[in-house]
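In what follows, a structure is listed as structure tokens, so that the remarks can point back to it.
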Protein chains: 4
Amino acid sequence: MQIKKEEVRMALLDAAEKEFLDKGFKNASLRKIIKAAGTTIGNFYNYFDSKEAIYEALVEGEYNKFVYFIEHHDEINRPDYLWEIANVRKWRSVMFEFIEAYIPPFSNRFVLLIEGSEGTRFEKTRDILLQVLTEHFLSHMEEFGHSHVHPEMAEIIAIQFIEGFLFILKNYKEETIRKKLITEHFLFHIIGSMSLIGDFK
Amino acid sequence: MQIKKEEVRMALLDAAEKEFLDKGFKNASLRKIIKAAGTTIGNFYNYFDSKEAIYEALVEGEYNKFVYFIEHHDEINRPDYLWEIANVRKWRSVMFEFIEAYIPPFSNRFVLLIEGSEGTRFEKTRDILLQVLTEHFLSHMEEFGHSHVHPEMAEIIAIQFIEGFLFILKNYKEETIRKKLITEHFLFHIIGSMSLIGDFK
Amino acid sequence: MQIKKEEVRMALLDAAEKEFLDKGFKNASLRKIIKAAGTTIGNFYNYFDSKEAIYEALVEGEYNKFVYFIEHHDEINRPDYLWEIANVRKWRSVMFEFIEAYIPPFSNRFVLLIEGSEGTRFEKTRDILLQVLTEHFLSHMEEFGHSHVHPEMAEIIAIQFIEGFLFILKNYKEETIRKKLITEHFLFHIIGSMSLIGDFK
Amino acid sequence: MQIKKEEVRMALLDAAEKEFLDKGFKNASLRKIIKAAGTTIGNFYNYFDSKEAIYEALVEGEYNKFVYFIEHHDEINRPDYLWEIANVRKWRSVMFEFIEAYIPPFSNRFVLLIEGSEGTRFEKTRDILLQVLTEHFLSHMEEFGHSHVHPEMAEIIAIQFIEGFLFILKNYKEETIRKKLITEHFLFHIIGSMSLIGDFK
DNA sequence: AATGAATGAGGGTTCATTCAT
DNA sequence: AATGAATGAACCCTCATTCAT
């Protein structure tokens, strides 16, 4: 056999994904993963070098996409004219198209990368994402910088944005509904951000 | 001595609060708590029956307040007239007063109750809070119920609300700034929620 | 109890000394040590932090003496006039007194330090000893440096010296006989070294 | 194919020799040997029955030669007249010729047999060699048996002799230098042994 | 002849909890 | 009220070997 039996590998990856999502990397039990996959401890190590290795196998692709996104997010042609649209209905449709065009399909594994990486070499990922988003919100806030704006809100909004986004990913797998909810999520944050700026009437 | 020394009990509770906040109930090390409290393993069990018991001692009060809040939150005289205010500046001041009047001081232990309870009998607390908030947002949404409103957003917003709120509690201890940020946080959600309704102009 | 029960600690150290001497640090089984000491796995860690820690507890004192010896061996008032003595009987008695004066009591633990340290932070000890002895023999050889002397012999003799010395320590515990054998051992090497120089008649 | 390919067998033996010499039988990793030989675990067992079997294949020839040597070493025409030579230069040349004539070429596998056999059925080999050499030295000592001779020294010298000899084999592969060093080694022990006897002047 | 998946005992270590003193 | 020794299950990982293909 040239290729290791894909079934076992897949069974291990599936079981690991579930266990890691449920418990996080650190608290996940390799023994339980292995038992759930229907194989033995020794055999696990024919497929993966370590507990961390199977986590990385799950998350690596997502991480590479993530890094690409972080490094290139400035280049995304943000529809800044949105700020000029005063009609939410219109915004909604523009936002939906934007998301369709730019938001890659996210999987459980992205959730795993952001939420379950404590104890692995990816454990800073969530912080990086948080920082980038915080800076993003801060720069928007500065565009409108009124005296009473609280810069601390940038980080708070970033946190919320991430949590809401991950929740959608975790709970809505169907493509259409997921995109609709992400659209609403974006709108919620765009409109919500206006509260910080202060005066619109 | 017959009477247990309060100092020891306090030292244990303080050390436990720190450790639990830092690591969560499950990953906290009882040995480290005991060492930090300056007592011994055996003596710990003169004060608390188990690891879970000291967690409960920390969190019980908050939980009771929490349950009271959940059961009586309808009775809070919500300033529904807010919806009629079209000026964010005005909202902000009204909101601040409302928070001052109704939001009880939240402690680290409330954070602990919501975020660190995995593995204890309180682990459903966060879910209960989430559910109540979800219903709250849903009822508001129904007031404006347009055809295109996504009811799923209620839960998503509830999640974000909780996360943002907890983040403020964790990171801003100073009373004034905390209240200001909570005000902004509420406003963010009120205004953000308008995006769901659709048309405002 | 302020002091951990010395019996158990001693039982563990004794069992460990035997196991480590027999198998070396790396191949020693902690479980076997623990069973031989009549305690349990968990309890072992009340006495020592790790497998390496109990090894270090055994060997540390010897190591410090060793380092002192290495750093001060030049200062030892070597009886160089020995070379002028042509009578082995005389040498023997001088040598014996010298050993009595300068050779500290060596224990099994010194053997353990030199022979069983692979896998610990002491694993270079044997090499250091070997190097110092090699240099020592080399310097003596240079004093008499004839053209045909093989400098490679210095290291070879050093090896033999160490091995013979350790063998005596391992197999002869009784003070008097041990000192006598060490005396013979030294003499063997002194006289043997003359073979390298070449001409005496 | 019916006939096992010699190349594979050789590759395995070569890799095993290196690994066993480096780590000893017990600590050697069969997996590493197999990987270094460029074949697979399963295929290994087509060539050898077990880890011990490949060790035996490496060492068997040397062991048979060794047994022959042990059983016939009395018959070697020892140049006992050496004892009558009082000039080391002369001894050296005689010794060198003797070694050339009687000492068979020793390979890495001999080293392996003596030093790396722990855990195999050959693990007593070193002890046998030690015992034979000890007896040899003892018989010489008895020839000169003075009252103060320590018979224990026979074993100690035997140990040193073996260790020095193996060190030369391990570190000096070039035929001429090896023979020279072995000559010096023998001389060292012959002359050194005189220290035991006591009076020469 | 060759492949590599499968097995399970054993390795060192951590942990909350119990209990005799 | 206080001490800390004792317990044993569970943690991740390595290993030589077996076996179906």
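By convention in this document, chain letters (A, B, ...) are assigned in the order of the sequence lines, proteins followed by strands, and residues within each chain are numbered from 1.
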- [ ] Hey, could you give me the CD1/CG distance between B/I162 and B/L130, rounded to the nearest 0.5 Å?
- [x] 4.5 Å
Open item on the list: Using the side chain to side chain contact (heavy atoms under 4.5 Å, CB included) criterion, which residues pair with B/E52? Sequence neighbours excluded.
Closed with: B/F25, B/S50, B/E56, B/T120, B/R121
Open item on the list: Quick check on E/dA2: is either OP1 or OP2 less than 4.0 Å from any side-chain nitrogen or oxygen of D/Y47?
Closed with: yes
Task: D/E115 side chain to D/V111 backbone, donor-acceptor under 3.5 Å - done: no
Open item on the list: How many whole angstroms separate atom CD1 of C/I33 from atom C1' of E/dG10?
Closed with: 15 Å
- [ ] Whole angstrom is fine here: how far is it from CG in A/L12 over to P in F/dC13?
- [x] 13 Å
Task: Contacts of type ring pair (Phe, Tyr, Trp, His ring centres under 6.0 Å), residue B/F122, not counting sequence neighbours - done: B/Y63
TODO: Spell out, as yes or no, whether a donor-acceptor pair under 3.5 Å connects the side chain of B/K170 to the backbone of B/L21.
DONE: no
TODO: Working to the nearest 0.5 Å, report the span between OH of D/Y55 and CD of D/E17.
DONE: 11.0 Å
For residues 29-36 of chain C, dump all side-chain donor-acceptor pairs below 3.5 Å to protein atoms at least two apart in sequence or in another chain.
{"residue": "C/S29", "atom": "OG", "partner": "C/R31", "partner atom": "N", "Å": "3.4"}
{"residue": "C/S29", "atom": "OG", "partner": "C/K32", "partner atom": "N", "Å": "3.2"}

Open item on the list: What is the distance, to the nearest angstrom, from the CG atom on A/N46 to the C1' atom on F/dT17?
Closed with: 12 Å
Task: For B/K18, all residues meeting salt bridge (Lys or Arg N to Asp or Glu O under 4.0 Å), sequence neighbours excluded - done: none
Open item on the list: Just the rounded figure in Å: distance from P of F/dG4 to CD of C/E6.
Closed with: 14 Å
Open item on the list: How many whole angstroms separate atom CZ of D/F48 from atom P of F/dT17?
Closed with: 13 Å
Open item on the list: Using a 4.0 Å heavy-atom cut-off to protein, can you give one letter per nucleotide of nucleotides 11-16 of chain E, 5' to 3': B if the base is in contact, S if only the sugar-phosphate is, - if neither?
Closed with: BBBBBB
Open item on the list: Closest-nucleotide mapping onto DNA chain E: is D/V8 or A/G38 further toward the 5' terminus? I mean the 5' end.
Closed with: D/V8
- [ ] Using Watson-Crick or G-U wobble pairs with both distances under 3.5 Å, give me DNA chain E in dot-bracket, 5' to 3', with [ ] for crossers and | for pairs to another strand.
- [x] .||||||||||||||||||||
